[in-house]
Amino acid sequence: MARLSTCKNCGKKLQPEEKCTHASKTYCEECYQKILRESDEYKQLIEFICVNYEIERPTGFMFKQIKDMKTDFGWSYAAMTYTLWYCKEILGKQLNEKYGVALVKHFYEEASDYYMQQEQIRNQMEKLKDVEIKTKIVKQNNKSHINQSSSLVNLKNLLEGGDAH
Ligand SMILES: [Zn+2]
């Protein structure tokens with residue numbers, strides 16, 4: 001029997017049809033997707049740095065800072081990008097090549113809080129929208145119900161008209 005390969009990331013034993021290969025390493029489907037997502041997020045972070053620091057490519061110092069934060073704190077590249085965006089757009093900080101991406105380390109928590117707040121607001125807005133839609137449906141249903149009995153409509157108009165004066 002052929003020896004099963006294992007996922008380089010989680011160590012799971014893999015049947016031949018379960019194997020996914022990335023950068024000539026073997027992974028399970030789940031880890032493969034995670035690695036693809038991570039490599040996407042990494043590219044986005046690098047691109048954000050190049051555009052916003054106005055440099056051709058991140059400096060060696062920046063690469064080291066990013067690697068250290070990933071290793072030491074387990075922060076995702078997407079969260080690092082978000083923190084840089086937060087510093088620049090929300091706090092109006094200058095992004096200075098000299099300090100690399102040191103801002104991320106100092107403002108990571110604050111940016112996370114901000115992100116959570118925004119998410120909460122977004123969720124509340126979604127809920128509010130839901131309520132509005134439901135209210136509209138209820139109103140429409142009421143209307144059609146009333147339309148079925150025109151005498152009731154007339155009576156209601158009269159009463160409402162009377163109230164207004
Ligand atoms: Zn795996």
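Just so you know, these numbers use all the heavy atoms, side chains as well, and skip hydrogens, waters and symmetry mates. Not measured: the values here are computed from a predicted model.
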Practice prompt. For Y115, check ring-ring contact (aromatic ring centres under 6.0 Å, His included) against everything at least two apart and list the hits.
Written response: Y82
Worksheet item: Okay, side chain of Y42, backbone of A78: is any donor-acceptor separation there less than 3.5 Å?
Response: no
Worksheet item: Quick check: does any side chain N or O of Q65 sit under 3.5 Å from a backbone N or O of V101, one acting as donor and the other as acceptor?
Response: yes
Worksheet, complete the sentence: For L103 and C87, the nearest pair of non-hydrogen atoms, with its separation, is CB-SG, 4.0 Å
Item to complete: Please report the shortest heavy-atom distance between C31 and N9, naming the atom on each side.
Response: SG-ND2, 3.3 Å
Item to complete: Show your reasoning for whether side-chain contact (heavy atoms from CB on, under 4.5 Å) applies to R57 and F63.
Response: CA-CA 10 Å; R57 65 190 299 269; F63 279 122; 3.7 Å; yes
Worksheet entry | K129 bridged to E132 by N-O distance under 4.0 Å | no
Practice prompt. Please answer: with hydrophobic residues joined when any side-chain heavy atoms are less than 4.5 Å apart, are L14 and Y32 in the same cluster?
Written response: no
Worksheet item: Are Y99 and W75 in one and the same hydrophobic cluster, where Ile, Leu, Val, Met, Phe, Trp and Tyr link if side-chain heavy atoms are under 4.5 Å apart?
Response: no
Fill in: Min side-chain heavy-atom separation K12-Y27 under 4.5 Å
no
Worksheet item: Is the shortest heavy-atom distance from the side chain of C20 to the side chain of T26 under 4.5 Å?
Response: no
Fill in: Verdict with supporting geometry, K127 and V131, side-chain contact (heavy atoms from CB on, under 4.5 Å)
CA-CA 6 Å; K127 267 184 215 150; V131 170; 5.5 Å; no
Practice prompt. With sequence neighbours excluded, tell me which residues meet salt bridge (Lys or Arg N to Asp or Glu O under 4.0 Å) with K70.
Written response: E38
Discussion item. Could you check whether W85 and F48 have their ring centres less than 6.0 Å apart?
Written reply: no
Item to complete: Measure up the Y114 and Y86 rings against each other and bin them: parallel (under 30°), tilted (30 to 60°), perpendicular (over 60°).
Response: tilted
Response to the item:
Sorted by chain and residue number, the side chain to side chain contact (heavy atoms under 4.5 Å, CB included) partners of S39 (sequence neighbours excluded) come out as K43
